[in-house]
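Whatever order the structure lists ligands and atoms in, that order sets their numbers, starting from 1.
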Amino acid sequence: MKRWLALLLVLLAVPLPARAVPVSGHVRFVGRAPGVSVPTIVYAEALDGGRVQPGQFKMTQSNKTFMPHVLAIPVGSTVNFPNDDLIFHNVFSLSRPNPFDLGLYRAGAAKDRSFTTAATYRVFCNIHPQMSAIILVLPTSYIVEADNNGNYRLDLPAGRYRITAWSERAQPSSVELSAGSGAPAVPDLTLDETQFAGVQHKNKFGQDYPKSAYDPKKN
Ligand SMILES: [Cu+2]
């Protein structure tokens, strides 16, 4: 047999990976002023089951701010928390089911934490009350951030999915759909942010922060 023919037969015998179906849609924001940027996460959960691929992620403490403010990750992932400031910071969460406290740590240090349960973790620093973040631990790897206009695109293997839009200012909004050979039409997902009034929080002991902690020059 000619060599090229043998090669062709080998190539034909290799199964092609399932083609991803592009699922594009739009999140409609109610009560969000134009131009205001609020992280908006869109994720797809496979209704027929499917593997979740965890990964390595990073949430930095820089200029007394957690960056990014919202981090959405597949369950089982690990987050690295480096302190990029020249001062001490702390990272803690009182969120169930797995509250945690990474302790106080110095400039340049970093700590890791694995998130093995899907849940929403509100993350704070016990020294600086103005520092807050959210880690959204999701039972899926299909996660994207919508742009400021609410547009998003997910590339999904064929199957049935629940698509959910999330922002910290609204109740999540979901729709179910089938992604087949062609791109499905996805109804708009609406996030109603009119009821959002900010979130107050306590320190890691469940108490108010000391008054002095509110002076940004002092800390
Ligand atoms: Cu801090």
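- The atom of His128 nearest to the Cu ion (ligand 1) is ND1, with the search restricted to N, O or S atoms.
- Remark: the His128 side chain and the Gln61 side chain contain no N/O donor-acceptor pair separated by less than 3.5 Å.
- Between Phe115 and Phe100, the two ring planes are perpendicular [angle over 60°; tilted spans 30° to 60°].
- Looking only at N/O/S atoms, His89 comes nearest to the Cu ion (ligand 1) through ND1.
- Geometry note: the Cu ion (ligand 1) is the vertex, Met131 SD and Cys125 SG are the arms, and the angle is 110° (rounded to 10 degrees).
- Checking Asn63 against Thr65 by side-chain atom types alone, no donor-acceptor pair falls below 3.5 Å.
- Phe205 forms part of no hydrophobic cluster, judged by ILVMFWY side-chain heavy-atom separations under 4.5 Å.
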